[in-house]
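So that the names make sense, note that chain A is the first sequence line, chain B the second, and so on, each numbered from 1. On a predicted model such as this, the values are computed, not experimentally measured, just so you know. When reading the values below, keep in mind they use all heavy atoms of this one structure, side chains included, and skip hydrogens, waters and symmetry mates.
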There are 2 protein chains.
Amino acid sequence: MDGIKERLLETAQALIQTRGYNGFSYRDIADKVGIRAASIHYHFPTKECLGAAVAAHYTDAFMAELDRARDRTKDPVELLRAYAGLFRRTLATKDRMCLCGMLAAEVAALPISVAAETKRFFQENLRWLTAVFADAAGDHGKASPSPIPEEQASHFLALLEGAMLVAKASGDIGAFDRTVRTELGRLQ
Amino acid sequence: MDGIKERLLETAQALIQTRGYNGFSYRDIADKVGIRAASIHYHFPTKECLGAAVAAHYTDAFMAELDRARDRTKDPVELLRAYAGLFRRTLATKDRMCLCGMLAAEVAALPISVAAETKRFFQENLRWLTAVFADAAGDHGKASPSPIPEEQASHFLALLEGAMLVAKASGDIGAFDRTVRTELGRLQ
DNA sequence: GTCTATAAGATGATAGAC
DNA sequence: GTCTATCATCTTATAGAC
């Protein structure tokens with residue numbers, strides 16, 4: 001099951017994360033995997049199929065990691081640190097953008113099924129983050145104006161996606177780290 | 001001076017903002033402007049020239065608007081509200097991504113001169129925002145841990161760029177508005 | 001499952017007429 | 001300045017052999 005289909009998915013994912021959906025071709029994948037471009041159509045008949053499969057696989061893997069983190073700890077700040085860590089790993093180890101952050105920017109140019117999978121990534125992430133922030137609010141006895149969990153979630157996700165863009169444009173991952181550290185410190 | 005060169009720039013800008021640098025062609029521009037694709041090469045010999053000119057023009061116009069805002073008021077929160085308003089206009093009136101936010105995501109796939117202009121946009125924006133936050137810090141007599149203006153600038157820019165991505169993926173501009181309103185309220 | 005061959009169209013770019 | 005014509009190359013996708 002760790003066959004060629006997975007290698008195609010991972011290679012396509014890397015290409016989308018660095019070049020965008022319209023910035024890669026079947027041939028680019030073929031050259032990296034060591035197969036002919038036409039052969040890819042056997043596994044993924046169209047580029048839309050491939051793109052949707054990549055986005056779905058990415059979202060599922062992402063959410064699975066988040067659920068594992070939730071099994072390890074219930075501490076909200078610790079969970080948010082783990083959450084930010086997922087984004088950091090993408091940026092630091094491969095100099096890639098968040099797959100769905102990239103696709104979100106291009107959403108107007110995407111086939112519908114790819115756009116739909118992109119939307120799902122954000123929906124599920126916002127749901128997970130909202131639960132974490134709602135938990136955190138319950139911890140303290142509602143101090144100060146008590147922020148809305150949904151807005152905190154949207155804020156945190158936007159901050160991380162944007163910090164990745166700033167880091168990529170500046171060529172400085174430190175910018176991402178500083179933004180995350182400050183935000184986590186503020187939440188504590 | 002409001003001739004065809006400007007129409008080509010504006011059309012190319014709109015295409016990059018919605019489809020990305022690799023998501024449009026000379027023919028796309030030609031169809032919208034009412035000229036043949038080959039004729040564009042007279043004004044912009046290569047796609048790299050065109051891309052760099054679009055980014056440069058965008059950054060210059062953006063900074064010019066910010067300087068005008070600075071002439072109107074010195075109130076930091078009012079300036080940040082105006083700053084966020086520029087991003088909102090892009091998102092709301094044309095459903096476009098910030099040009100350089102889009103290019104930042106694709107930076108690994110860009111010709112060097114286009115990547116360089118993208119970097120300049122972020123540098124100049126961070127410089128402007130840093131000055132605003134430094135001003136704001138001087139207003140009060142250094143209350144609490146006194147945040148670093150450079151980090152506040154990077155944070156604010158990242159938040160706006162990311163909020164645009166979240167809004168685009170969700171198909172909900174309200175998400176952008178809520179994020180901005182909450183952040184401005186927090187800064188007051 | 002992967003290959004070759006091929007289609008049908010898009011792409012960035014150039015040459016030369018008007 | 002804009003056109004037509006043309007180029008070499010790339011792109012997604014299909015058909016059929018192995």
Side-chain angles (χ1 to χ4, degrees), chain A residues 1-55 57 102-103 106-115 117, chain B residues 1-57 102-103 106-117:
Chain A
M1 278 294 174
D2 70 302
I4 235 162
K5 206 154 182 170
E6 280 68 27
R7 290 180 61 207
L8 293 173
L9 281 173
E10 157 59 24
T11 306
Q13 181 186 317
L15 284 164
I16 297 174
Q17 285 182 284
T18 48
R19 309 184 49 88
Y21 182 81
N22 287 302
F24 81 100
S25 70
Y26 270 41
R27 203 179 165 188
D28 293 326
I29 303 174
D31 289 345
K32 299 214 181 201
V33 171
I35 200 182
R36 307 314 289 262
S39 307
I40 302 173
H41 288 277
Y42 173 80
H43 304 281
F44 302 99
T46 68
K47 193 178 181 182
E48 176 172 2
C49 286
L50 174 59
V54 168
H57 178 265
M102 174 71 84
L103 293 176
E106 301 177 295
V107 73
L110 298 180
I112 35 169
S113 67
V114 184
E117 282 297 333
Chain B
M1 278 297 174
D2 70 301
I4 237 164
K5 207 155 184 171
E6 280 70 25
R7 290 179 62 205
L8 293 174
L9 280 173
E10 157 60 24
T11 306
Q13 182 188 314
L15 283 165
I16 297 174
Q17 285 182 285
T18 49
R19 309 183 50 88
Y21 181 81
N22 287 304
F24 82 99
S25 70
Y26 270 41
R27 204 179 166 189
D28 293 328
I29 303 173
D31 289 344
K32 299 213 182 202
V33 172
I35 200 180
R36 308 314 288 263
S39 307
I40 301 173
H41 287 278
Y42 173 81
H43 303 280
F44 301 100
T46 69
K47 194 179 181 183
E48 175 172 3
C49 285
L50 174 60
V54 168
H57 179 265
M102 174 71 83
L103 293 176
E106 300 177 294
V107 74
L110 298 180
I112 34 168
S113 66
V114 183
E117 282 296 333

(message) Below the 4.0 Å mark, does dT2(C) have OP1 or OP2 next to a side-chain nitrogen or oxygen of His41(A)?
(response) no

(request) Give the intermediate values and the outcome of side chain to side chain contact (heavy atoms under 4.5 Å, CB included) for residues Lys32(B) and Leu15(B). (result) CA-CA 10 Å; Lys32(B) 299 213 182 202; Leu15(B) 283 165; 4.3 Å; yes

(request) To the nearest Å, give me how far apart CZ (Arg36(B)) and P (dA5(D)) are. (result) 9 Å

(message) Need one value for Phe24(B): base, sugar-phosphate or nothing, where a base atom within 4.0 Å counts as base even if backbone is also close, heavy atoms only.
(response) sugar-phosphate

(request) Take atom CZ of Arg7(A) and atom P of dG1(C), then tell me their distance rounded to the nearest Å. (result) 14 Å

(message) Can you see whether Phe44(B) has Lys5(B) sitting over its ring - NZ or CZ less than 6.0 Å from the centre and within 45° of the normal?
(response) yes

(message) Can you see whether Phe24(A) has Lys47(A) sitting over its ring - NZ or CZ less than 6.0 Å from the centre and within 45° of the normal?
(response) yes

(message) Using the side-chain heavy atoms of Ile4(A), tell me which of these nucleotides is nearest: dT2(C), dT4(D), dT2(D).
(response) dT2(C)

(request) Output yes when a side-chain donor or acceptor of Thr11(B) lies under 3.5 Å from a complementary backbone atom of Arg7(B), and no otherwise. (result) yes

(request) Return no unless some side-chain N or O of Ser25(A) is found under 4.0 Å from OP1 or OP2 of dC10(D). (result) no

(message) Nearest whole Å is fine: how far is dA10(C) C1' from Arg19(B) CZ?
(response) 13 Å

(message) Nearest whole Å is fine: how far is dT4(D) C1' from Ile35(B) CD1?
(response) 14 Å

(request) Mind checking Ala37(B) for me? I need base, sugar-phosphate or nothing, with any heavy atom below 4.0 Å counting as a touch. (result) nothing

(request) Return the value, rounded to whole Å, for the distance between atom CG of Asn22(B) and atom P of dT12(D). (result) 12 Å

(request) Can you tell me the distance, in whole Å, between the OH atom of Tyr26(A) and the P atom of dT9(D)? (result) 24 Å

(request) To the nearest Å, give me how far apart CZ (Arg27(B)) and P (dA10(C)) are. (result) 5 Å

(request) Return yes if some donor-acceptor pair links the side-chain N/O of Tyr26(A) with the main-chain N/O of Thr46(A) below 3.5 Å, else return no. (result) yes

(request) Write down the distance between CD1 (Ile40(B)) and C1' (dA13(C)), rounded to a whole number of angstrom. (result) 12 Å

(message) On the nucleotide dC3(C), are OP1 or OP2 found under 4.0 Å from the side-chain N or O atoms that Ser39(A) carries?
(response) yes

(request) Looking only at side-chain atoms of Lys47(B), point me to the closest of dA13(D), dT2(D), dG12(C). (result) dG12(C)

(message) Under 4.0 Å from OP1 or OP2 of dG1(C): is there any side-chain N or O of Tyr42(A) that close?
(response) yes

